[in-house]
Novice: 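Here it is, the structure, as structure tokens.
The figures that follow rest on heavy atoms only: side chains count, while hydrogens, waters and symmetry mates do not.
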Amino acid sequence: MTLTARTAGLAAFCLTLFSGIASAANLSYSSPFPSNHTTVAKGIEPFAKAVEEASGGEVKLTVYSGGVMAKGPATLSTIQRGIVDSGLVVPAWVTSQIPATDTIASLMLAVSDARVAAAAANEYYLLKCPECMDEHLKHNARPLAYYGSAPYHFECRQQLDGLEDLAGKRVRATSTPLVNWVEQFGATIVAVPTEDIYQALQRGQADCNVGPLAYMHTLNLKEVVKWVSDMPFGSYYGATVLEVNDKTWKKLSDDERAVISSQLAKLVRDVTEGYEDDSAKARSEGEAAGVVFAKPSETESKKLADHVDSEFRRVLALAKERGVGGDDPAAFLQGFLDTLSKWEKLVADLDGDYDAYQQALQDEIFSKL
């Protein structure tokens with residue numbers, strides 16, 4: 001056993017040992033992402049501070065980032081077993097455990113606006129999809145808030161003439177919708193954890209990454225990326241930015257739960273706004289470093305539009321195969337698309353006002369929980 005493995009094991013043991021005697025309001029949180037990732041730096045860290053201040057120090061959240069307590073695919077089971085009290089869960093990593101949640105998330109190419117994606121995900125998953133909620137609760141895990149990532153881009157270590165040059169390239173991509181889209185260009189998929197993307201591009205283990213533009217800033221990819229396709233596609237909205245061990249949640253007092261709940265709309269707003277800010281920094285820093293942001297051709301734009309149109313049929317077949325969506329999987333999926341449409345209009349009417357966006361999240365979603 002290495003020193004690192006021994007240290008991680010000791011940390012997990014200590015958390016388990018003390019969870020039974022510490023105050024229920026002293027909660028631990030596990031993120032698979034590094035501390036500078038938008039969901040951590042702009043989301044859960046400020047949330048932890050806000051909750052502690054609002055509770056007068058009675059409710060505390062200790063954040064463990066970078067997968068130190070659990071790697072991404074293990075986060076749900078780690079929460080389930082009470083090794084940590086809460087964390088960030090990505091359904092694409094645990095599809096067999098939360099298939100309904102992941103199936104809805106498989107429609108991600110239908111939206112490329114993080115504000116719309118985050119709002120629609122929270123409303124649908126928390127208020128309109130009991131099947132989704134129930135499958136989390138079966139694992140003793142309660143989703144409290146979802147987030148929507150900034151839209152994805154191709155980010156490549158060498159300059160390309162266009163997306164047709166992806167043929168034969170090694171592209172890092174996660175989740176089936178993104179993999180299916182990448183494979184349209186004849187690329188080979190490589191699996192690389194988020195924290196290792198920089199090294200994979202630097203060493204040539206991957207030629208391109210598929211990820212939010214914000215990664216150019218938060219993961220410093222501007223140092224190893226030379227070319228970016230300026231054609232956004234999809235926002236991943238299926239992941240919980242805050243999921244809590246259900247037994248732990250029920251042990252909290254009404255006041256403690258109320259304090260946490262009072263900050264959820266702001267948590268979603270902060271992650272969403274943080275992605276926008278980090279994406280803007282990524283673009284300005286990238287341009288300063290000589291990164292080429294290539295506008296898509298008409299052919300590329302049409303290829304994306306045609307692919308998005310075909311996604312509903314693929315995901316409908318997936319829902320039927322998994323047995324999710326009850327007697328009418330098409331209505332199950334359409335319900336989410338209708339929620340997307342609702343928030344597309346609401347977000348457009350807000351005209352970039354994040355204070356109004358946070359209030360809409362509170363009024364339309366979190367006040368109804």
Novice: Students often mix this up, so state it plainly: with edges at 30° and 60°, are the rings of Phe185 and Phe154 parallel, tilted or perpendicular?
Specialist: perpendicular
Novice: So, Arg257 and Asp254, do they make that salt bridge, N to O below 4.0 Å?
Specialist: yes
Novice: Going by atom types alone, do Glu276 and Tyr354 pair a side-chain donor with an acceptor below 3.5 Å?
Specialist: yes
Novice: Which residue is it: Lys266, Arg269, Glu273? I am looking for the one with a side-chain hydrogen bond (donor to acceptor under 3.5 Å, both in side chains) to Gln358.
Specialist: Arg269
Novice: Is the closest basic N to carboxylate O distance between Asp207 and Arg170 below 4.0 Å?
Specialist: yes
Novice: What do you reckon, are the aromatic ring centroids of Tyr237 and Phe336 less than 6.0 Å apart?
Specialist: yes
Novice: Determine yes or no for a side-chain-to-main-chain donor-acceptor pair under 3.5 angstrom, with Asp246 supplying the side chain and Asn140 the backbone.
Specialist: no
Novice: Under 3.5 Å, is there a donor-acceptor pair between the Asp278 and Thr218 side chains?
Specialist: no
Novice: Looking at residues at least two apart in the chain, or sitting in another chain, which of them share a salt bridge (charged side-chain N to carboxylate O under 4.0 Å, His left out) with Glu52?
Specialist: none
Novice: Hey, are Asn180 and Gln184 close enough side-chain-wise for a donor-acceptor pair under 3.5 Å?
Specialist: no
Novice: Should Lys128 and Glu123 count as an ion pair when the cut-off is N to O under 4.0 Å?
Specialist: yes
Novice: For a 4.5 angstrom cut-off between non-hydrogen side-chain atoms, does Ser31 reach Ile44?
Specialist: no
Novice: Have a look at Lys60 and tell me which of Leu27, Asn26, Val51 forms a side-chain contact (heavy atoms from CB on, under 4.5 Å) with it.
Specialist: Asn26
Novice: State whether Arg314 and Glu311 are salt-bridged, where the test is any N-O pair (Lys NZ or Arg NE/NH1/NH2 against Asp/Glu carboxylate O) under 4.0 Å.
Specialist: yes
Novice: Please determine whether the number of non-hydrogen atoms from other residues, nucleotides or ligands lying under 6.0 Å from atom CG of Asp349 exceeds 12.
Specialist: yes
